[in-house]
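Heads up: the structure comes next, in C-alpha cells.
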Amino acid sequence: MKYGETPQLIKEDGTRLDGRKPEDPRPIHMEVGVLENADGSAYVSFGKTRVLAAVYGPREPIQKYMVLPDRAILRVRYHMAPFSTGERKSPAPSRREIELSKVIREALEPVVITELYPRTMIDLFIEVLQADGGTRTTGVTAASLALADAGIAMRDLVSGVAIGKVNGVLVVDIDEVEDMYGEADMPAAMATKLGLVTLLQLNGVLTKEEFVQAMEMAKKTLEKVSEMQRKTLLEKYSSVLQV
Amino acid sequence: MKNIQVYFKFEVNKVSFTPFRVPIVPQLKKNMILSMIEKGLRIDGRKPEDIRPIKIVTNYLDKAEGSAYVELGKTKVIAGVKMEVGEPFQDMPDLGVLTVHAEFVPLASPSFEPGPPDENAIELSRVIDRSFRELGAVELEKLVIIPGKKVWIVWVDLYIIDHDGNLLDASMLAALTALKLTKIPSYTIEGEDIIINKESAKTTLPLKEEAIYVHIAKIGSHFIVDPSLDEEVVADSRIAFSISRDGRIAGIQKMGQGGMSVDEIIKAMELAVTVAPKYFNAVDLVLNKEGNEG
Amino acid sequence: MAEEKTIVLPGDKLNGSELEVRGLGRNYATYKLGNEVYAALPGVLEISEEKKVFIPLENIYIPKPGDIVIGIVINVGLSYWTIDIRAPYNAVLTAQEFLNRPFNPANETLSLYLVEGDYVIGKISSFDRFRSPFITLKGSDKFGKIVNGKVIEIKPSRIPRVIGKKRSMINMLIEESGCDITVGVNGLIHIDCENSHLEDVVTLAIKRIEAEAHTSGLTDRVRSFLKEQLSNS
C-alpha cells in the first residue's frame, strides 16, 4: 500500500493527524451483555472501529465428530459487515478474514480453561460493524469480554491494540490512514495479568531496537485496555453490592 | 499417525476451529521430547538453535520462469514462479503485482484433504506474501509494460509435498530461491498486445531486498529453532520472524495455542536474528554453485 | 457485619490459604498457578476476620449426580428422550426409566408418553467427563412429566439463594404462598399454585431473589413483598 506520495502523518509539533500524541490510543468505549440471545456478548469501539462479539456455549456440537475428549473446541469467526468499509465488502469470507479468525482463536485459547468442558464447543462470533484500523485487536478485546460475560472459566482477560510506525515514529493504536500509509502495523494482544502475549503479527519492517520499543508500548497500552475491560465488567456487577 | 479421520472440508473457511484432527504424538515420545529438551537436547540429535539439513534443487521445473525444490529435513516444498501479463491494481497503476499462494496437497500428510486451501495454507501464503511485499523485495516498479495498463504479475505458487514440520521456513526458502532464479520473458509491444518471445534473451527478475523466516517453538521454558512436526505438536507456543539480509524484522506471526511473555518474545527475536544467516548461506551456496556452472 | 465485599474478575489473585468457594459450580470458579489461587469467573469475594468466601456470579450449569433438574424434551428417540437441561451436555431419559418396566422399541412408540416441548423433573443419576448425563425418576413422587403450573427460568448461579441457608428462603416461599415449588439446580423452578395470580406473585418474588441475590436481609424483604402482594388480592 505504499504507492506514491506518503502523506504527512505526524505534524511538526509531534502530534498525529487526529491530534493524538504517539503514545495515545483513540477514545475507547466498552459494553457487556448487549445482546439478548447470546450467552455472553460485548461491544467495543476504538475510535471509529466498532466491533460486536457474541459467545454461545459451551454446548454440544451439531456435528458429533467435532469434539475433543479432554477439552472444549473453540470455534471462531471474524467477519466484516458489508457496510464496514469504504467500498462494500462482499459478505463471503475473504482470505484475510480466514487468517484473522485463526489468529484470534489462537489469541484466546491460552486463557479459556477449555479442559473444564470436555466434548463441547464454544462458539465465538465477531462482527466488525465499522473498520477504521485495529479491527482484529478490537475484536479480541470484545471477544474476551463476551467470554467473561458468558460465565466461561478463564485464566485472564485478553486485551488487544495495534502499534504502528508512521513517518518513522512508533505510534499506539493506528487508524486506517496510518495503517495504509505507515511503514509498519504490529497488532498485539496480551493476557496482562498473566504477562502472556497471545497474538503478535507484524506487517511491515522494523529494526530490532524499534521492535523492542514497540513491544514495550504495546504492553503499557494493553495494561490500560485491560483496566478498562475490568472496569466495564465491574460496572455490570456493581448493583450486586448495593442493598 | 495413520488413524486420522476425514476432515470435513465443507466446514473449512467458514470458521476457525481448535484443531481436532491433529497428528497424535505417542505419549512416550512426548515425554521423551520434553525430558530431552530439559537437558538441551532434541530427539533428532540437534541442539536447540540448529536447523535441519537443507537441500535445494534450483530450476527444478522447466515450464516455470523460476523454480526451486527445497528439503528442510524431511519437509519438502516446491516453489514455482510464473510470470504473466496482466492489469495492475487500480490504486497502484505503475506497479507490477506479486502474489503468493500455497497449496497443502493431500499427498503431503494424512491430515491434508483435497479442496480449497484451509486456514493453515492461507495463513502460510499470506505471511510470506506480506513479508516480501512490505520489504519491497521485488522491484515492482520495474515490472510495468504499459503504464496503467499492462504489468507483469509474479505468481509464486508453493506446493507442500511432504510435511514434517516448519512449513513456513521451508516455503520461504523455496520462494526466495525461486524468485532469485526467475527470468522475465522478453516481449514486444504491438499496439495494446504484448507478444512474448519465448526464444529470445530474458532478463532477471529485479530483487532489491531478501528475507527468510525463522520459526521458533517454545517447549516448556526452552526455545528451539526449525521445529519438526513432533516438536510442533508438543510445543506450547510458536513464533516466526522474517529477517532481512541486514538483520531487520520484516514480518512476525505468533502461532499455536499458547502465549509468551514480552521478554521471551524479545529473546526469540534475538535468536531468530542469529539463526537467519544459516538459511541465507544455504541459498547463497547453491546459487553461487549454479552461477559458476552456468 | 464486619464483612468486606468486593467483586473479583478472571485473573484476580484470591490469596488461597483460607479460601472457601461457595455456590453452584465451585469447582469451576478458580484455578491454580504455582501456589496461588486465582478467579476464573466473575464473583463476589467476602472477606471477614475468620475467612474468605468466593461466590461466582456467572456460571454455567454442569450436571453432577444427585442434582434435581428440570429439563425440556428436545428429541424423541427409539428408546430414550433427549432432554435439554440448560447444560453444555444434553441429558438422556431412557424409556425403561420413565415407564418403570422393560421396553421394546419394536412394539411401542415413545411419543405416546413424552413429546418435544414437554417439561420433565428428575434427578441426575450418572455423569462424568466421558458420558452424557442420565436422568432417573426414582426418589420423589414429584419426578416425571410436568402437567400443571408454571416453569420459570433464572440464572443457575442464583439457585442457592432461592433455596437459602438451611432451606430458609424456599420454605418461606412455600409457607407464604401455599404453592408447591420444586427447584431444579439448573436454574429452572416449577411452581404449582391454586390460581394464576399466586403463580405470578411467586414468579415476581423469585425474580427479585435473582436480582438481589448478593444482598443481605433478602429473606425478610421477600417475605414482606409476598405478604403485601397477597393481601392486595
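Atoms considered below: every heavy atom in the structure, side chains included; atoms not considered: hydrogens, waters and symmetry mates.
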Do we see a donor-acceptor contact under 3.5 Å between the side chains of A:E106 and B:Q257?
no

Between B:T18 and A:E109, a side-chain donor and acceptor under 3.5 Å
yes

NZ/NE/NH1/NH2 to OD/OE distance under 4.0 Å, A:E99 and B:R130:
yes

Supply the atom-to-atom distance A:Q201 CD to B:E123 CD, rounded to the nearest 0.5 angstrom.
7.5 Å

Find the distance between CZ (A:F211) and CD1 (B:I252) and round it off to the nearest 0.5 Å.
4.0 Å

With a 4.5 angstrom heavy-atom cut-off, is it the side chain or the backbone of B:I239 that approaches chain A, or both, or neither?
side chain

Nearest 0.5 angstrom please: A:L196 CG to B:I265 CD1, how far?
9.0 Å

Give the minimum heavy-atom separation between A:R95 and B:V100, together with the two atoms involved.
NH2-O, 3.9 Å

For A:L68, is it the side chain, the backbone, both, or neither that has a heavy atom closer than 4.5 Å to a heavy atom of chain B?
side chain

Identify which part of B:F241 has an atom lying under 4.5 Å from any heavy atom of chain A, answering side chain, backbone, both or neither.
side chain

At what distance, to the nearest 0.5 angstrom, does CZ of A:R105 lie from CZ of B:F17?
9.5 Å

Measure the CG-CZ distance between A:L100 and B:R126 for me, rounded to the nearest 0.5 Å.
6.5 Å

Smallest heavy-atom separation, A:R77 atom then B:V15 atom, equals CB-CG1, 3.5 Å

Quick one about B:R248 and A:T207 (side-chain donor to acceptor, distance below 3.5 Å, no hydrogens or angles considered), yes or no?
no

Evaluate whether atom CD of B:E87 has more than 12 neighbouring non-hydrogen atoms of other residues, nucleotides or ligands under 6.0 angstrom away.
no

Which heavy atom of A:V212 sits nearest to which heavy atom of B:M269, and what is that distance?
CG2-CE, 3.9 Å

Nearest 0.5 Å please: distance from the CG atom of A:N203 over to the CZ atom of B:R133.
9.0 Å

Minimum heavy-atom separation for B:E134 to A:G204, with atom names?
CG-N, 3.3 Å

Correct closest heavy-atom pair for A:T198 and B:K254 would be O-NZ, 2.9 Å

Let me know if A:R71 has heavy atoms under 4.5 Å from chain B in its side chain, its backbone, both or neither.
side chain

Flag if over 12 foreign heavy atoms under 6.0 Å of CZ, A:F125
yes

Option in B:G258, B:G136, B:G251 with maximal non-hydrogen atom pairs under 4.5 Å from chain A
B:G251

Over 12 non-hydrogen atoms of neighbours within 6.0 angstrom of NZ in A:K219:
no

